[in-house]
Amino acid sequence: MATEAAQAPATSPYERIGGIAVLRQITERFYDLMDQDPAYGALRAMHAPDLAPMRESLPNFLAGWAGGPRQWFDANPGKCMMSMHKPFAITRETAGQWADAMRRAIADVAPTDGEIAGALSDVLAQMATGMARD
Ligand code: HEM
């Protein structure tokens, strides 16, 4: 017999984090930090001068990846985030800067569900670390 918990509709990480509004806030804070804090200078230098396309793209990627609307995946069929970063000369230093800026951005936005916010920080840091090629 199914338990009550098993019958309850699953809440996606996307919903738990606060949906697209919170993902946009995190992304804005992340690119503001990357743009303004000299600690992320090497990471900033790898990106195009105009970060506006990234501010649009990253929350849409995160939305689909976390179980929400899949517009980024529909617009980029078959695109793998890890493979897409292979041409970039990502080092442990720049991957660490990415993970650190993202952890700060999530902490600053402080999503209501602290457990999913912490999990998001951890898994994104792992993903960034996995992109380092040195
Ligand atoms: C490990 C450190 C990382 C570095 C150094 C890095 C660097 C870059 C660079 C240089 C671009 C091209 C954009 C431009 O030229 O302005 C890019 C694109 C992008 N990155 Fe990263 N990235 C990192 C990690 C990540 C992670 C962990 C994610 C996702 C969780 C991510 C998501 C994206 C997205 C969504 C795009 C745009 C792709 C598109 O929509 O076409 N990046 N990244």
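Order of appearance sets the numbers: ligands from 1, and atoms from 1 within every ligand. The first residue of the sequence shown is numbered 1, and numbering continues consecutively from there. As the structure is a computational prediction, the values presented were derived from the model and not from experiment.
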*Does an N or O from Met127, backbone or side chain, lie closer than 3.5 Å to an N or O of ligand 1?*
no

*Have a look at ligand 1 and work out which part of Met46, if any, has a heavy atom under 4.0 Å from it: side chain, backbone, both or neither.*
both

*Answer yes or no for Trp65: is there a heavy-atom contact with ligand 1 below 4.0 Å?*
no

_Keeping Asp134 on the side-chain end and Ile90 on the backbone end, is there a donor-acceptor pair under 3.5 Å?_
no

*Check ligand 1 against Ala95 and write out every atom of the ligand that is under 4.0 Å from a heavy-atom position of the residue.*
1 (C), 2 (C)

*Who's the nearest protein heavy-atom neighbour of atom 35 (C) of ligand 1, and how far?*
Met81 CE, 3.4 Å

*Can you tell me the protein heavy atom closest to atom 13 (C) of ligand 1 and the distance?*
Met54 SD, 3.6 Å

*Which residue and heavy atom of the protein sit nearest atom 1 (C) of ligand 1, plus the separation*: Ala128 O, 3.5 Å

*Side chain or backbone of Gln97 under 4.0 Å from ligand 1, or both, or neither, by non-hydrogen atoms?*
neither

*asked:* Can you tell me how the ring of Phe88 sits relative to the ring of His85, calling it parallel under 30°, perpendicular over 60° and tilted otherwise?
replied: perpendicular

*Near His47, which atoms of ligand 1 are under 4.0 Å from a heavy atom of that residue?*
7 (C), 8 (C), 9 (C), 16 (O), 43 (N)

*So, Gln97 side chain and Leu43 main chain: donor-acceptor pair closer than 3.5 Å or not?*
yes

*asked:* Just to be sure I'm reading this right: ignoring hydrogens, which of Met82, Glu93, His85, Met84 gets closest to atom 20 (N) of ligand 1? Compare them by their nearest heavy atoms.
replied: His85

_I'd like to check which ligand 1 atoms, numbered from 1 as shown, lie under 4.0 Å from a non-hydrogen atom of Phe61._
29 (C), 30 (C), 35 (C)

*Report yes or no: does Arg55 contribute a side-chain atom to a donor-acceptor pair with the main-chain N or O of Glu28 at less than 3.5 Å?*
yes

*Given Trp98, Tyr40, Phe88, which one has a non-hydrogen atom that is nearest to atom 2 (C) of ligand 1?*
Trp98

*Can you tell which part of Leu43 has a heavy atom less than 4.0 Å from ligand 1: side chain, backbone, both or neither?*
side chain

*Test item: Ile17 and Asp113 side chains (from C-beta on) under 4.5 Å apart, heavy atoms*: no

*Check: Ala125 main-chain N/O paired with Thr129 side-chain donor or acceptor under 3.5 Å*: yes

*Could you find the nearest protein heavy atom to atom 14 (C) of ligand 1 and give me its residue, atom name and distance?*
Ala48 N, 3.7 Å

*Which of the numbered atoms in ligand 1 are below 4.0 angstrom from a heavy atom of Trp72?*
39 (C), 40 (O)

*Would you say the side-chain atoms of Glu56 pair up with the backbone N or O of Pro53, donor to acceptor, closer than 3.5 Å?*
no

_Atoms of ligand 1, numbered as shown, that sit under 4.0 Å from any heavy atom of Leu124_ = 30 (C)

*Cation-aromatic face contact Arg44/Tyr40, 6.0 Å, 45 degrees*: no

_Checking the side chain of Asp100 only, and the main-chain atoms of Gly96 only, is there a donor and an acceptor separated by less than 3.5 Å?_
no

_Identity and distance of the protein heavy atom lying nearest atom 40 (O) of ligand 1_ = Ser57 OG, 2.4 Å

*asked:* Give me the residue, atom name and distance of the protein heavy atom closest to atom 4 (C) of ligand 1.
replied: Ile90 CD1, 3.7 Å

*asked:* Salt bridge or not between Arg103 and Asp108? Use side-chain N to carboxylate O under 4.0 Å.
replied: no

*At a 4.0 Å threshold, what atoms of ligand 1 neighbour a non-hydrogen atom of Met131?*
1 (C), 23 (C), 24 (C), 25 (C), 26 (C), 27 (C)

*Above 12 or not: heavy atoms from other molecules or residues under 6.0 Å from CD of Gln36?*
yes

*Can you tell me if Tyr31 uses its side chain to pair, donor with acceptor, with the backbone of Ile26 under 3.5 Å?*
no

_Starting from atom 41 (O) of ligand 1, what is the nearest protein heavy atom, named by residue and atom, and what distance separates them?_
Lys79 NZ, 3.0 Å

